[in-house]
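Hydrogens, waters and symmetry mates play no part in the numbers below; they use all other heavy atoms, side chains included. Residue numbers start from 1 in every chain, and the chains themselves are labelled A, B, ... in the order their sequence lines are given, proteins ahead of strands.
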Amino acid sequence: MSKTAVATKHFTNRDVSEVLDQMADMLQIAGANRFRFIAFQNAAEAIRTHSRDVNDVAADGGLQEIPGIGKGIAQDIHDLLESGTFEGLEALRKEVPAGVLEMLQIPDVGPKTVRRMWQELDILDIASLKAAAEAEQIRVLKGFGTKSEEKILKGIELLAKRADGRTPIGKARPLAEEIKAALIAALPSGTIERIEIAGSLRRWRETIGDLDFLVISEDPAAVMDAFRTLPLVVDVIGSGETKTSILLGGGLQADLRVVAKKHWGAALQYFTGSQGHNIAVREIAQKQGWSLNEYCLTATGSGKAAEGEERFFEEEAALYAFLNLAWVPPEMRENRGEVKAASSDTLPSLVQLTDIRGELHGHSTYSDGAASVAEMAAAAQARGYSYWAICDHSVGLGVTDGVDAEQLAKQAEEIVALNQKYEADGVEFRLLRGIEVEVLADGTLGLPDEVLAELDVVVGSIHSGQRQAREVITERCLKVVRNPHVDILGHPTGRIIGKRAPSDLDVEQVLQTCLETGTVVEINAHPSRLDLNDVYARRAIELGCKLAISSDAHSTDGMEMMQYGIATAQRAWVQPADVINTLPMKEMLAALK
DNA sequence: GCCGTTTTCGGCCCGACTGTTTTCAGTCG
């Protein structure tokens, strides 16, 4: 019974990558060859960010075509998908106790420490590690002292406080901006010559592990001091001559590095990451006879330049150019093929905020919005848009008052009147009539077809029953996509980052059907949604689907969220032609069903 | 375990900071 249950479990790309990560962790603790566990880590990352469903790729026999997946791991994945496990995994699970594996989650406790606790002190879980540290039993080991015990206890405390490790970008970005401003304000003018938020925030990843700041200053000590004493600081993790790490309330870490002006290009490149991207760039440098670190290129002697010769770059682009690479937008730096594209000068020309001509999903006071139709229209005009679709919730959504046919007719009068005024005033802006129509549990819609038929834009969204079984929710979603009146599939997976997992949707099948039916797929730009995410959005455009990037604004300020959607699209390699709301209104409307 | 503009074998990015040490290992990014 349980064996059957395991065998029929559907493994998502995330599930598979988690298993591979666990495999890497166990290999590390077991003391395996370091390149072996790196191989599993790389494979995990490759699967996590691969745009196709791993089950489909495996069925096509294409696993080994994914960079980082070779013969061995491809076989392991096949076994995993078929039977729920694979040989090497079972062997290590027998060898490494689950509690020992958990100890690896403790900050500042790595595989070497975990292994010694386990092997030399017979510590099998976090609770007994804590007890041993408190009883001062760890200092008996060679290489460990009182500080080590303190560090372990602090780490355990930190782990308990830390919710799930990563902070949604919608929270992290404002916080980083606040810290940046506070740091500048805390120092005499001119002390900071230049400051940039680097790391995953500069890459606009949907969740952030820690905040990274890079600074040019001739007085690093003063900058360090100011950083350590910011009011937001709860603890100083470490502080040296060029680097300081602090802990903020809520467990978020922030790192600061101060460099000289001539190091800026290499330093910004290094601190922006991702690690995978940096390794790929450093490998390119090596082939050309240079070693790259966060300061400069140094000739290795294997190229034309004399060994030890250094090259400095005040700008990041100059560094890329020196290595014969096109400058790679930070959003693309995830080692998903961008280094290869940069070397052959085939990077896509990414969609920009300025390409957006209008919006196709936003709310007003007719449903749960905070601003009137006229106010939203004014805000849209102020942003330079030439059209904006009012898509309030339809009836059928329990948590909020939705509009019915009658209210929709009333709203239409308001829209017509406003549009007449724009026309009379010679204003190049139009409101469009739309709806975010509720998808009921059986896949039927909250309003009848004849009501939908009158509208310019229909967004179909699922807000309930998101925990339905894979087949059920997929079929429900396909029903929406196939409806001739639904132009756009809204926030397809329904996830709320850090709060609600995505629906167990067969996204591949949904996207294929969107392509067949000409249904546009939304990138919902709200930073707690970002749905589709970067990986699925990339798959969508690979297939040839069209996208709409929508702020889903519920207030005039909500339109600001568009930047998160643009960044997500950029992370998905999306170009302006892939996005229907980069089109002028007439062309855009013609592109809808 | 993966990979190849020289390789199917022999490599696999690079440095800051800490703690326990007299020169380095561990962790992190």
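For A/R36, a side-chain nitrogen or oxygen approaches OP1 or OP2 of B/dG1 to under 4.0 Å. Between A/N278 and B/dC13 there is no side-chain N or O to OP1 or OP2 distance below 4.0 Å. For B/dC2, neither phosphate oxygen OP1 nor OP2 lies less than 4.0 angstrom from any side-chain nitrogen or oxygen of A/Q64. Within the structure, a side-chain polar atom (N or O) of A/K112 is placed less than 4.0 Å from OP1 or OP2 of B/dG26. Remark: A/T242 is not in phosphate contact with B/dG15, judged by side-chain N or O atoms under 4.0 Å from OP1 or OP2. Between A/S245 and B/dC17, a side-chain N or O to OP1/OP2 separation shorter than 4.0 Å is absent.
Rounded to whole Å, atom P of B/dG1 lies 16 Å from atom CZ of A/R34. Remark: P of B/dT27 and CZ of A/R116 are 10 Å apart, rounded to the nearest angstrom. A straight line from NZ of A/K340 to P of B/dC3 spans 10 Å, rounded to a whole angstrom. One can place NZ of A/K287 at 12 Å from C1' of B/dG11, the figure rounded to the nearest angstrom. Between A/N293 atom CG and B/dG15 atom P the separation is 5 Å, expressed in whole Å. Between the CD atom of A/E149 and the C1' atom of B/dT18 there is a distance of 16 Å, given to the nearest Å. The distance between atom CD1 of A/I66 and atom C1' of B/dC3, rounded to the nearest whole Å, is 16 Å. A/M103 has its CE atom 12 Å from the P atom of B/dT27, to the nearest Å.
Among the heavy atoms of the strands lying under 4.0 Å from A/Q275 is at least one base atom, whether or not backbone atoms are also near. Within 4.0 Å of A/I38, counting heavy atoms only, lies no atom of the nucleic acid at all. Residue A/I237 is out of contact with every strand shown, counting any heavy-atom pair closer than 4.0 Å. Counting any heavy atom pair closer than 4.0 Å across all strands shown, A/V109 reaches sugar-phosphate atoms only and no base atom. Note on A/Y295: only backbone sugar-phosphate atoms sit closer than 4.0 angstrom, heavy atoms only; bases stay farther off. The residue A/K142 sits apart from the nucleic acid: no heavy atom pair falls under 4.0 Å. Within 4.0 Å of A/D210, counting heavy atoms only, lie sugar-phosphate atoms of the nucleic acid but no base atom. Across all strands, A/T146 comes closer than 4.0 Å only to sugar-phosphate atoms, never to a base (heavy-atom distances). Residue contacts shown for A/S291 are limited to sugar-phosphate atoms, with no base heavy atom under 4.0 Å away.
B/dC12 has A/F35 stacked on its base ring, the centres lying under 5.5 angstrom apart and the planes within 30 degrees of parallel.
Between A/Y320 and A/Q269, the side chains place a donor N or O and an acceptor N or O closer than 3.5 Å (distance only, hydrogens not considered). Under 3.5 Å, the side chains of A/E542 and A/S51 contain a donor-acceptor pair of N or O atoms. No hydrogens or angles considered: nothing links the side chains of A/T568 and A/D534 as a donor-acceptor pair under 3.5 Å. Side chain to side chain, A/S200 and A/R205 fail the donor-acceptor criterion of an N or O pair below 3.5 Å.
Classified by interplanar angle (parallel below 30°, tilted 30° to 60°, perpendicular above 60°), the ring pair A/F86/A/F40 is parallel.
Atom name C1', nucleotides B/dA16 and B/dG10: the rounded distance is 30 Å, in whole Å. Nucleotides B/dG1 and B/dT7 are separated by 25 Å at their P atoms, to the nearest Å. To the nearest whole angstrom, the two P atoms, one in B/dT27 and one in B/dT21, are 16 Å apart. As rounded to the nearest Å, B/dC2 and B/dT6 have P atoms that lie 24 Å from one another. Across the P atoms, B/dT20 and B/dG26 are found 14 Å apart, a figure rounded to whole Å. Straight-line distance between the P atoms of B/dC13 and B/dC17: roughly 22 Å, to the nearest whole Å.
No donor-acceptor contact under 3.5 Å links the side chain of A/Y270 to the base of B/dG15.
Summary of the strand contacts: A/D255 and A/D76 both lie near DNA chain B, and taking for each the nucleotide with the nearest heavy atom, the more 5' one is attributed to A/D76. Mapping A/G240 and A/K147 onto DNA chain B by nearest heavy atom places A/G240 closer to the 5' end of the strand.
Pair assignment for B/dT18: B/dA25, on the basis of Watson-Crick or G-U wobble contacts that are both within less than 3.5 Å.
Ionic pairing of A/K287 and A/E283 is not present here: no N-O contact between side-chain nitrogen and carboxylate oxygen is shorter than 4.0 angstrom. A salt bridge is defined here as a Lys NZ or Arg NE, NH1 or NH2 lying under 4.0 Å from an Asp or Glu carboxylate O, and A/R203 with A/E338 fails to meet this definition. Ion pair A/E150/A/K147 not flagged as a salt bridge, since none of the NZ, NE, NH1 or NH2 atoms sits closer than 4.0 Å to an Asp/Glu carboxylate oxygen.
Closest to the side chain of A/Q286, from the set B/dC14, B/dT20, B/dT27, is B/dC14. The side chain of A/I73 lies closest to B/dG1 when the candidates are B/dG1, B/dA16, B/dG19. Between B/dC14, B/dC12, B/dG15, one nucleotide has an atom nearer to the side chain of A/E283 than all others, and that is B/dC12.
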